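Single-structure report; data block below.
If you read the sequence from its start, that first residue is 1, and numbering goes on from there. Note: hydrogens, waters and symmetry copies are ignored here, and every other heavy atom, side chains too, is used. Bear in mind the structure is a predicted one, so any value in this text is a computation, not a measurement.
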Amino acid sequence: MNDFFGNYPDERPALLQDPIQEPAEPTEDEHRWAVFCAASVEYLCQKYDLEIPAWVTELAYAPLPEPWYHSKMAFKPAVQARLERETPAAFTRYNIYCGNRVFVNKYELAAELRERQSA
């Protein structure tokens, strides 16, 4: 993410081209994270107007069969409801609920703060 957001923002498409390499027999947790990575690439491509790499749509990264709520206290129904409301569609399409701050770009945030201060 440091490369995507800070070190090489001009090379974003190239940084997203290689698919996730899962083990031959991934654990449930390893597979969930691989699907999360695919959803992340879709989200970042949509946000930054990049072409979504073909590997993201492969069956290996199909939506999870059960919802995955990834957040502190995600076992609580109120937290799950908030995650369902706030999570971007690129993640919910994969049955992943992680909220809307999973990829806050500190470089863009800092630029916005500087702009506000100078206004």
Side-chain angles (χ1 to χ4, degrees):
M1 296 316 312
N2 286 334
D3 286 346
F4 186 88
F5 288 126
N7 297 332
Y8 306 104
D10 295 337
E11 296 182 34
R12 288 175 173 168
L15 292 169
L16 302 175
Q17 286 307 306
D18 293 332
I20 299 301
Q21 298 296 313
E22 283 190 89
E25 294 184 31
T27 65
E28 182 180 340
D29 195 49
E30 289 170 332
H31 179 67
R32 268 197 313 242
W33 281 109
V35 175
F36 179 89
C37 289
S40 297
V41 169
E42 182 174 319
Y43 169 77
L44 292 168
C45 286
Q46 289 171 351
K47 182 172 178 156
Y48 293 98
D49 198 28
L50 304 171
E51 185 175 338
I52 298 172
W55 68 266
V56 171
T57 61
E58 291 178 3
L59 266 162
Y61 310 106
L64 299 174
E66 299 291 325
W68 180 30
Y69 297 93
H70 184 65
S71 179
K72 288 184 180 184
M73 309 298 280
F75 62 90
K76 293 184 170 190
V79 173
Q80 291 178 2
R82 179 183 55 78
L83 292 173
E84 288 171 1
R85 282 190 315 274
E86 294 178 356
T87 299
F91 291 96
T92 62
R93 197 173 80 69
Y94 290 87
N95 218 5
I96 297 169
Y97 301 91
C98 55
N100 60 0
R101 297 188 50 80
V102 69
F103 286 113
V104 172
N105 181 336
K106 67 182 179 183
Y107 302 101
E108 290 174 359
L109 187 58
E112 285 177 27
L113 291 173
R114 281 192 301 274
E115 188 176 305
R116 285 183 203 164
Q117 290 174 348
S118 66

Using side-chain heavy atoms (C-beta onward) and a distance below 4.5 Å, is [X] in contact with [Y]?
{"X": "Cys45", "Y": "Pro53", "answer": "yes"}
{"X": "Met1", "Y": "Leu44", "answer": "yes"}
{"X": "Trp55", "Y": "Asp18", "answer": "no"}
{"X": "Phe36", "Y": "Val102", "answer": "yes"}

Considering only distance and modelled atom types, tabulate donor-acceptor pairs under 3.5 Å from the side chains of residues 2-11, sequence neighbours left out.
residue	atom	partner	partner atom	Å
Asp3	OD1	Asn7	ND2	2.9

Exercise. Starting at OH of Tyr48, measure out to CZ of Phe103 and round the result to the nearest 0.5 Å.
Key: 10.0 Å
Quiz item: If you measure from CD on Glu22 to OG1 on Thr27, what distance do you get to the nearest 0.5 Å?
Solution: 8.5 Å
Self-check item: salt bridge (charged side-chain N to carboxylate O under 4.0 Å, His left out) contacts touching residues 94-104 (sequence neighbours left out)
Solution: none
Quiz item: Among pairs that include at least one residue of residues 47-65, which meet salt bridge (charged side-chain N to carboxylate O under 4.0 Å, His left out), considering only residues two or more places apart or in two chains?
Solution: none
Exercise. Could you tell me which residues satisfy side-chain hydrogen bond (donor to acceptor under 3.5 Å, both in side chains) with Arg32, sequence neighbours excluded, listed by chain and number?
Key: Glu28, Asp29
Practice problem: Indicate the atoms forming the closest heavy-atom contact of Ala60 with His31, along with that distance. | Solution: O-CE1, 3.0 Å
Quiz prompt | Minimum heavy-atom distance Val56-Ala38, with the two atoms named | solution =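 Nearest heavy atoms, Val56 then Ala38: CG1-O, 3.6 Å.
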Donor-acceptor contacts under 3.5 Å from residues 68-77 side chains, at least two apart:
residue	atom	partner	partner atom	Å
Tyr69	OH	Glu84	OE2	2.3

Side-chain polar contacts of residues 93-100 - donor-acceptor pairs under 3.5 angstrom, sequence neighbours left out - could you list them?
residue	atom	partner	partner atom	Å
Arg93	NE	Glu42	OE2	3.1
Arg93	NH2	Glu42	OE1	2.7
Tyr94	OH	Glu42	OE1	2.8
Asn95	ND2	Leu64	O	3.0

Exercise. Check whether Leu83 and Val35 end up in the same hydrophobic cluster, where Ile, Leu, Val, Met, Phe, Trp and Tyr are linked by side-chain heavy atoms less than 4.5 Å apart.
Key: no
